[in-house]
Protein chains: 2
Amino acid sequence: MAANKKISSAVIRRLPRYYRYLSDLLNMDITRISSKELSKRMGITASQIRQDLNCFGGFGQQGYGYNVEFLYKEIGNILGVNDRFTTIIIGVGNMGHALAHYGNFRKRGFDTIGLFDVNPDIIGQEINGIKVMHTDELESFVQKNHVDIAILTVPYEQTPEVAEKVARLGIKGLWNFSPMDLRLPYDVVIENVHLSDSLMVLGYRTKEKFGKSRK
Amino acid sequence: MAANKKISSAVIRRLPRYYRYLSDLLNMDITRISSKELSKRMGITASQIRQDLNCFGGFGQQGYGYNVEFLYKEIGNILGVNDRFTTIIIGVGNMGHALAHYGNFRKRGFDTIGLFDVNPDIIGQEINGIKVMHTDELESFVQKNHVDIAILTVPYEQTPEVAEKVARLGIKGLWNFSPMDLRLPYDVVIENVHLSDSLMVLGYRTKEKFGKSRK
DNA sequence: TAGATTGTTAATCGATTAACAATC
DNA sequence: TAGATTGTTAATCGATTAACAATC
């Protein structure tokens with residue numbers, strides 16, 4: 001039976017990964033799995049799997065392992081898949097556009113309910129049944145609709161300003177795609193997606209492993 | 001003077017972040033910075049900064065700190081910004097499209113030299129001066145052009161197959177946007193960008209911190 | 001029951017932080 | 001020179017792994 005110690009960031013970041021693997025197992029009609037077998041599939045230790053899961057509860061059974069469907073649902077609940085988070089996308093450029101089209105988020109518990117931009121060419125366009133509104137309408141929209149998470153895909157220079165505005169309106173989660181670390185004087189959870197950082201790490205590792213000769 | 005011990009993943013992942021902050025300092029015409037001052041800006045300890053940098057060399061000077069421009073260039077070199085990595089994008093859907101347009105990669109050392117898709121409506125389109133080719137032309141393209149990194153933005157089901165093809169052609173770096181962990185029987189460096197995972201972590205943290213009442 | 005596998009405690013490993021001598 | 005700040009070693013902290021009693 002799990003205690004409620006502070007759960008570390010490392011553990012939390014592994015949860016979506018467990019969720020994906022369990023989803024795959026379900027699709028393969030596998031009904032039970034041991035930490036040992038799962039460890040082989042995921043490339044992590046069985047010990048870590050059991051430790052991680054026991055942060056949240058005893059989901060397994062001695063001598064049996066874990067019931068895949070049960071564990072899948074439990075992790076889904078921990079992650080809030082059934083809580084349904086409402087999201088808005090601010091900045092419907094190429095990246096915002098791509099995210100608006102990405103169907104996978106819905107399966108994971110996120111419903112996009114608003115799109116915002118300042119470009120008149122884009123405003124009024126409909127994506128996945130949602131009309132792009134002018135960012136000026138953001139405030140009244142947020143007053144009428146509960147918004148959990150704002151996805152920020154605005155140009156670099158505008159990011160701090162828009163982020164502050166969003167935080168001031170009381171939105172509690174912020175998914176930031178700009179290559180800057182936001183720090184806000186508001187009580188907001190921020191998750192950064194620094195794509196260039198990720199690419200640079202890949203470049204470094206490729207170079208480190210295979211060298212880099214050509215210009 | 002740094003030894004050449006194995007540099008940990010944690011350190012490497014911080015390099016692009018240092019690079020960004022140094023770039024900002026340069027833009028603010030700040031010529032020197034101490035680890036203490038940088039630590040305040042970045043929200044990490046000065047000790048960590050000095051430890052990290054000393055994995056690669058003694059870039060500072062006692063009593064002075066670090067020369068911003070020099071350090072910026074050194075980290076740039078470590079990351080390979082001047083080595084110029086060539087990249088191709090496979091799958092020019094919404095995400096591939098967004099990445100093809102994203103100018104930031106060039107500044108960080110990456111040149112997109114090829115775009116590939118199988119959709120006849122997309123093939124022949126030009127993005128940033130590059131024509132989208134059919135994926136069938138991939139092999140001959142890679143034989144004629146040195147490609148360091150393949151960016152995979154193909155649909156979920158096709159990802160393993162395309163990844164394998166790319167690896168077989170000798171491409172050494174693979175940036176994967178599909179929500180699956182690729183494992184290949186080839187010597188390839190893989191960096192995953194699991195956007196839904198990141199969003200789920202944000203959802204979890206928002207819920208954890210502020211609760212989640214509404215459906 | 002015997003075998004398997006969990007939940008959990010203890011041991012290990014690695015990363016972060018603190019401290020300080022070296023030195024600009 | 002005196003003050004500041006690095007580079008680096010040592011101490012601490014936290015995360016991962018190992019071990020095993022509990023138990024299905």
Side-chain angles (χ1 to χ4, degrees), chain A residues 1-18 21-22 25 30-75 78 201 204, chain B residues 1-18 21-22 25 30-75 78 201 204:
Chain A
M1 231 136 280
N4 46 357
K5 296 172 202 163
K6 179 87 179 71
I7 291 154
S8 84
S9 197
V11 175
I12 292 161
R13 294 216 165 267
R14 279 192 292 268
L15 291 179
R17 196 153 171 260
Y18 290 126
Y21 275 84
L22 289 162
L25 290 169
I30 293 169
T31 55
R32 55 177 272 197
I33 190 136
S34 67
S35 57
K36 193 180 166 197
E37 171 62 20
L38 188 58
S39 90
K40 252 187 280 175
R41 289 177 186 269
M42 296 184 66
I44 58 179
T45 64
S47 220
Q48 179 161 76
I49 292 170
R50 295 202 300 278
Q51 284 277 22
D52 284 354
L53 298 179
N54 276 81
C55 292
F56 302 96
F59 300 133
Q61 197 168 66
Q62 280 102 327
Y64 172 89
Y66 299 87
N67 178 288
V68 173
E69 192 179 358
F70 175 71
L71 187 56
Y72 175 74
K73 283 182 178 163
E74 285 293 331
I75 294 181
I78 293 164
V201 169
Y204 174 87
Chain B
M1 231 134 281
N4 47 357
K5 297 172 202 163
K6 179 88 178 72
I7 290 153
S8 83
S9 196
V11 174
I12 292 161
R13 294 216 164 266
R14 279 193 292 268
L15 291 178
R17 194 151 172 262
Y18 289 125
Y21 275 86
L22 290 163
L25 290 169
I30 293 169
T31 55
R32 55 178 272 196
I33 190 135
S34 67
S35 59
K36 192 180 165 197
E37 172 61 21
L38 188 58
S39 89
K40 253 188 279 176
R41 289 176 187 270
M42 296 185 66
I44 58 178
T45 64
S47 218
Q48 180 162 76
I49 292 170
R50 295 202 300 277
Q51 285 276 23
D52 284 354
L53 297 179
N54 276 80
C55 291
F56 302 96
F59 300 132
Q61 197 167 66
Q62 280 103 327
Y64 172 89
Y66 300 87
N67 178 288
V68 174
E69 193 178 359
F70 175 71
L71 188 56
Y72 175 73
K73 284 183 178 163
E74 286 291 332
I75 294 180
I78 293 163
V201 170
Y204 175 86

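Numbers restart at 1 for each chain; the letters A, B, ... are given by sequence-line order, proteins then strands.
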Polar atoms only, N or O, under 3.5 Å: list the protein pairs with nucleotides 10-13 of chain C and their distances.
none

Sequence neighbours excluded, every pair satisfying salt bridge (charged side-chain N to carboxylate O under 4.0 Å, His left out) that has a member inside residues 50-61 of chain A: R14(A)-D52(A)

statement: Stems for DNA chain D (at least 3 consecutive Watson-Crick or G-U pairs, under 3.5 Å) come to C:3-24 with D:3-24

5' priority, DNA chain D, between I44(A) and G63(A) [closest heavy atom]: I44(A)

task: Walk me through it: do I75(B) and F56(B) pass the test side chain to side chain contact (heavy atoms under 4.5 Å, CB included)?
output: CA-CA 9 Å; I75(B) 294 180; F56(B) 302 96; over 6 Å; no

query: Mapping S8(B) and Q61(A) to their closest nucleotides on DNA chain C, which lands nearer the 5' end?
result: Q61(A)

query: Residues two or more places apart in sequence or in another chain: which of them pass salt bridge (charged side-chain N to carboxylate O under 4.0 Å, His left out) with R32(A)?
result: none

Results of salt bridge (charged side-chain N to carboxylate O under 4.0 Å, His left out) for E69(B) - residues two or more places apart only: K73(B)

message: Apply side chain to side chain contact (heavy atoms under 4.5 Å, CB included) to residues Y66(A) and L38(A) and explain how you reach the verdict.
response: CA-CA 10 Å; Y66(A) 299 87; L38(A) 188 58; over 6 Å; no

query: Given V201(A) and L15(B), is the side chain to side chain contact (heavy atoms under 4.5 Å, CB included) satisfied, shown in steps?
result: CA-CA 8 Å; V201(A) 169; L15(B) 291 178; over 6 Å; no

task: Please determine if a side-chain N or O atom of R14(B) lies less than 4.0 Å away from the OP1 or OP2 oxygen of dT16(C).
output: yes

Which atom pairs link the protein and nucleotides 19-22 of chain D when you take only N or O atoms and keep those under 3.5 Å?
| unit_1 | atom_1 | unit_2 | atom_2 | d |
| --- | --- | --- | --- | --- |
| dA19(D) | N6 | R50(A) | NH2 | 3.1 |

